[in-house]
Enquirer: 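There's a structure below that I have some questions on.
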Amino acid sequence: MSPDPQPQPPFHETNEDTPDIGGGLPVISYWAKHTLSPEGPKLWKTLFHHSACLSCSWGTGGQKGGFTNEDGEKLQRCMKSVEAISAEIQPPVPPQFFETHTIAQLQQLSSLEADRLGRWSYPVIRRAGSNHYERISWEEIYAIATAAFHQPPERIASYSSGRGSNEAAFLLQLMMRTLGSNNLADCSDLCHAPSTTALKEMFGTNTSIVSLESLKQADCVVLAGANSAYNHPRLMNELIKLRDRGGTVIVVNPVMEIGLVKFGSPAFPVKSLIPGSEIASLYLQPIPGSDVALFMGIQKALVEQGWVQYDFLQAHTEGWEAVVEQARSLDWETITGTCGVSRPEIETAARMIGTSKGVVFGWAMGITQQTNGVDNVFSIANTALISGQIAKMGAGVMPVRGHSNVQGFGSMGVTVKLKAEIRQALEQLLGRSLNLPQGYHTRDLIEAADAGKVDSLICVGGNLYGANPDSTQAKRALGKIDTIIYLATKPNIGHFNGLAKTNTIVIPVLNRFENPHKTTVESGNNFVRLNDAGNTHLKDADLISEVEFLTELAHRLLGDDPVEWRQLQDTRYVRQLIARTIPGYAKIGEIDDTREEFTISGRIVTEPHFKTSSGKAKMFTTPLPTLTLPKAEAFGVEATANSLVLALMTGRSYSQHNTVVYKIGDQYRGIPHRNCVLMNRLDAEKMGLSEHDRVTVQGDADKLENVEVIYGAVREGAALMFYPEVNVIFKAQTEVRSGTPAYKRVPVVIYR
């Protein structure tokens, strides 16, 4: 007999500072503190502005109003929204600040301290040999930028993040490709690239095939490698409603996060906020990096328990026989030994999936940021197909994305893997071939820069330095680029550590709710939102919109070839080009008149026909990962009773958005500051450690010292530390098919 879902985890045995639920009253307290403070009027004005949320891709806002999701439901704002807005409505960095602070001093700032400096409000440059940023005129900016991007196309590049608009993304890739360069690195290369790679091969799509409407009809959700209680709080509302209607939630995560066990949502103030709502029906804690083995175990249990949908597989898939046979023939001892999850627990998960009417499989970076990330996604999608939980309402596969418009940037063609249909449409628009070299994704960009192959780089948002592994290499590589231009709303550590060899320019840009023109963004569930024009609170500031800067730079580089670039400063015309060239985006060409937000056509799959050459889903066998860890001696450390090698996962704190840190501690894990390691109590005791002792944590690139030990509900043999600070200690071990680094399984040695 399989066991019942496991009970409330023993947080009281691991860390006395961990609360009983995630969310809850601290969220209300945070809201009250900020909305009733002097910044309150500006905050409320922005919350009600018709623009999409700045935080995660689980979008709200747009034309339905600031608190409303794409299904028209109210009360969908969360603490992440307020944190992001609060940071954007800060006062400007004082004009004299850079005169009195040297580069060396700025490089000592933490992510939180850099963000708290305020808003960029005028353009600055750091010239070769200078120890300060100084103000720069727009004419000099354009002169330097024009010279920089007149270099050979293989020696120019861009990097971008998902905080910008579809219009800015489209213009960025159009300019770069017109210049002959396919070096369009993006933050998605560091996170969900394995998802897009795997989904494209299996289903002919790069995105979720599940809509919000479809999710609401599921009676089971499998959430793997995602801490949505921290990073996508509005998704928690859907899980609460699913549990209320009798559904089940299977959580897969090596760390037992309290918010995924029980969560108090302000959207349901009576039934959820204070008592908390049960989230996980079953919580599985695999060994980091072993997800293929876990999902193959679920497939094996589905086979043995008679829940394989053979009729569906025969009619609508290719390659299914090998996948089913691989799961059938693999022995249980190998499966459980690899993933560290017991057979009864795996069989319980299979029973939940097999007996549900509709199952949605969601995942985030715990799945993708592995050296076998593509295989991880294959294994999840194989499980969905084997159980017939796909291509119908209430079922399917759903990558859970981070940045609010990271998916939109990919849709607009900001990728080195441009879809054939987009390339053909752009060739027709531009009147030239776009059969360009492969181009640099983010990790290739860093390696190329380190090899002296990049002269000029434009960064549209993001934190290229802070987001990469091996911070020493990232700093060195960026320092070999002649000119780097950063477009940003606020300072980050990359602006102070990612300095170019000759000219580093920071251009202050307007954020989403300040733009003088309308823009659009795309949610993780393929819904396009329209952002109204706005204005900035910054007085006497010298800011520009991303769209205006990109079009002016393109005009100076290309004249009116092949489009009238300056005309595109009116974003209505950009949207008309998007409608002509981007599949599924036809409605965007009329959105200025209709104001009709829409679901992108051709992406949501509710019938068993897929966008592959055969119309069938393609299934792939998934090799088991090799998960051995090196010995302490491999790190140059003597193996003693006071040292231990663990699989380290990087993670974000509760008050953090990507590399931007809003609070120094993490109240839900009982972590008081950023220089801590979350460990299993049993691992600590093996080394004779007590909670709050100090240790050194060493990877293959560097080490961090004086790290405080915090007991947590992390499985034995694993540990967790905060990104981006911990990036300095490890080199990039990448997933070869997607280029994504393995942030979620970093071998480290811990010693006194």
Enquirer: Would you call Glu514 and Arg119 a salt bridge, using N to O less than 4.0 angstrom?
Expert: yes
Enquirer: Give me each pair satisfying salt bridge (Lys or Arg N to Asp or Glu O under 4.0 Å) with a member in residues 497-513, each pair once, sequence neighbours excluded.
Expert: Asp482-Lys501
Enquirer: Between Arg155 and Gln151, is there a side-chain donor-acceptor contact under 3.5 Å, judged purely by atom types and distance?
Expert: no
Enquirer: So, Thr472 versus Arg476: side-chain donor-acceptor pair below 3.5 Å or not?
Expert: no
Enquirer: For Ser121 versus Pro92, what's the shortest heavy-atom pair and its separation?
Expert: OG-CB, 3.5 Å
Enquirer: Are Phe97 and Trp120 near enough that their ring centres are under 6.0 Å apart?
Expert: no
Enquirer: Whether the side chain of Asn166 engages the backbone of Thr519 through a donor-acceptor N/O pair (distance < 3.5 Å, no angle test) should be reported.
Expert: no
Enquirer: Can a donor-acceptor pair be found, under 3.5 Å and without considering hydrogens, that links the side chain of Asn492 to the backbone of Gly462?
Expert: yes
Enquirer: Can you confirm if the NZ or CZ of Arg674 lies within 45° of the ring axis of Phe722 and under 6.0 Å from the centre of its six-membered ring?
Expert: yes
Enquirer: Cation over ring, Arg652 on Tyr723, under 6.0 Å and within 45°?
Expert: yes
Enquirer: For Phe527 and Arg529, what are the C-alpha separation, side-chain angles and deciding distance, and is it a side chain to side chain contact (heavy atoms under 4.5 Å, CB included)?
Expert: CA-CA 6 Å; Phe527 191 77; Arg529 311 218 74 141; 4.0 Å; yes
Enquirer: So, His517 side chain and Glu548 main chain: donor-acceptor pair closer than 3.5 Å or not?
Expert: no
Enquirer: Any side-chain to backbone donor/acceptor pair from Thr196 onto Ala193? Under 3.5 Å, distance only.
Expert: yes
Enquirer: For atom CZ of Phe598, decide whether the heavy atoms of other residues, nucleotides or ligands shown that lie under 6.0 angstrom number more than 12.
Expert: yes
Enquirer: With heavy-atom distances below 4.5 Å as the criterion, would you say the side chains of Leu184 and Tyr159 are in contact?
Expert: no
Enquirer: Is the distance between the ring centroids of Phe409 and Phe170 under 6.0 Å?
Expert: no
Enquirer: For Tyr486 together with His495, are the ring centres under 6.0 Å from each other?
Expert: yes
Enquirer: Any side-chain heavy atom of Thr536 sitting closer than 4.5 Å to one from Phe513?
Expert: no
Enquirer: Ignoring hydrogens and geometry beyond distance, is a side-chain donor-acceptor pair present between Ser51 and Asn531 at under 3.5 Å?
Expert: no
Enquirer: Check whether Thr740 reaches the backbone of Asp189 with its side chain - one donor and one acceptor, N or O, closer than 3.5 Å.
Expert: yes
Enquirer: Judged by modelled atom types alone, do His132 and Glu99 share a side-chain donor-acceptor pair under 3.5 Å?
Expert: no
Enquirer: Testing Ile484, Ile505, Leu550 one by one against Ile458 for a side-chain contact (heavy atoms from CB on, under 4.5 Å), which residue passes?
Expert: Leu550
Enquirer: Which pair of non-hydrogen atoms, one from Ile156 and one from Asn183, has the smallest distance, and what is that distance?
Expert: O-ND2, 2.9 Å
Enquirer: Please name the residue in the list Glu597, Met412, Glu167 that meets the side-chain contact (heavy atoms from CB on, under 4.5 Å) test with Thr520.
Expert: Glu167
Enquirer: Counting distance only, does the side-chain N/O of Gln656 pair as donor-acceptor with the main-chain N or O of Ser653 below 3.5 Å?
Expert: yes
Enquirer: Charged N to carboxylate O below 4.0 Å: is that the case for Glu139 and Arg556?
Expert: yes
Enquirer: Under the side chain to side chain contact (heavy atoms under 4.5 Å, CB included) rule, what do Ser81 and Cys53 come out as? Steps first, then yes or no, please.
Expert: CA-CA 6 Å; Ser81 306; Cys53 177; 3.3 Å; yes
Enquirer: When you measure from the side chain of Thr146 to the backbone N and O of Ala143, does any donor-acceptor pair fall under 3.5 Å?
Expert: no
Enquirer: Just checking, any donor-acceptor pair under 3.5 angstrom between side chains of Ser523 and Asn525?
Expert: no
Enquirer: Give the intermediate values and the outcome of salt bridge (charged side-chain N to carboxylate O under 4.0 Å, His left out) for residues Glu88 and Arg163.
Expert: CA-CA 12 Å; Glu88 293 289 343; Arg163 287 290 286 272; 3.0 Å; yes
Enquirer: Which atom names give the shortest non-hydrogen contact between Ser165 and Asn405, and what distance separates them?
Expert: C-ND2, 3.5 Å
Enquirer: Name the orientation class of the two ring planes belonging to Tyr743 and Phe730 (parallel below 30°, tilted from 30 to 60°, perpendicular beyond 60°).
Expert: perpendicular
Enquirer: Rounded to the nearest 0.5 Å, what separation is found between the CG atom of Asp450 and the CD1 atom of Ile481?
Expert: 10.0 Å
Enquirer: Are the side chain of Tyr122 and the backbone of Arg135 linked by a donor-acceptor contact shorter than 3.5 Å?
Expert: no
Enquirer: What heavy-atom pair brings Ile446 and Ala477 nearest, and what distance separates the two atoms?
Expert: O-CB, 3.4 Å
Enquirer: Check the pair Ile544, Trp138 against side chain to side chain contact (heavy atoms under 4.5 Å, CB included), reporting the backbone distance first and the verdict last.
Expert: CA-CA 10 Å; Ile544 196 169; Trp138 288 104; 3.6 Å; yes
Enquirer: When you check the side-chain N and O atoms of Asp186 and Ser160, is any donor under 3.5 Å from an acceptor?
Expert: yes
Enquirer: Determine, step by step, whether Leu190 and Asn468 satisfy the side chain to side chain contact (heavy atoms under 4.5 Å, CB included) criterion, reporting the C-alpha distance in whole Å, the side-chain angles of both residues, the deciding distance to 0.1 Å, and the verdict.
Expert: CA-CA 8 Å; Leu190 302 176; Asn468 267 278; 4.3 Å; yes
Enquirer: For a quick test of reading the model, state the closest non-hydrogen atom pair linking Leu54 to His657 and the distance between them.
Expert: O-NE2, 4.2 Å
Enquirer: Please walk me through it: do Glu257 and Arg669 pass salt bridge (charged side-chain N to carboxylate O under 4.0 Å, His left out)?
Expert: CA-CA 8 Å; Glu257 306 283 7; Arg669 294 185 181 119; 2.8 Å; yes
Enquirer: Under 30°, 30 to 60°, or over 60°: which ring-plane class applies to Tyr654 and Tyr668, parallel, tilted or perpendicular?
Expert: perpendicular
Enquirer: Going through the checks in order, is the salt bridge (charged side-chain N to carboxylate O under 4.0 Å, His left out) test met by Arg595 and Asp532?
Expert: CA-CA 10 Å; Arg595 303 186 72 84; Asp532 281 351; 2.5 Å; yes
Enquirer: Distance only, no hydrogens: is a donor on one side chain within 3.5 Å (strictly under) of an acceptor on the other, for Arg401 and Gln407?
Expert: yes
Enquirer: Got a salt bridge between Glu134 and Arg127, using NZ or NE/NH1/NH2 to carboxylate O under 4.0 Å?
Expert: yes
Enquirer: Around atom NZ of Lys480, are there more than 12 heavy atoms from other residues, nucleotides or ligands closer than 6.0 Å?
Expert: yes
Enquirer: Write down the atom of Leu568, the atom of Val563, and the distance for their closest heavy-atom approach.
Expert: CD1-CG2, 3.9 Å
Enquirer: Within the 3.5 Å criterion, strictly below it, is a donor on Ser265 or Asn237 matched to an acceptor on the partner's side chain?
Expert: yes
Enquirer: Within the structure provided, determine whether Ile485 and Ile507 are in side-chain contact (heavy-atom separation under 4.5 Å).
Expert: yes
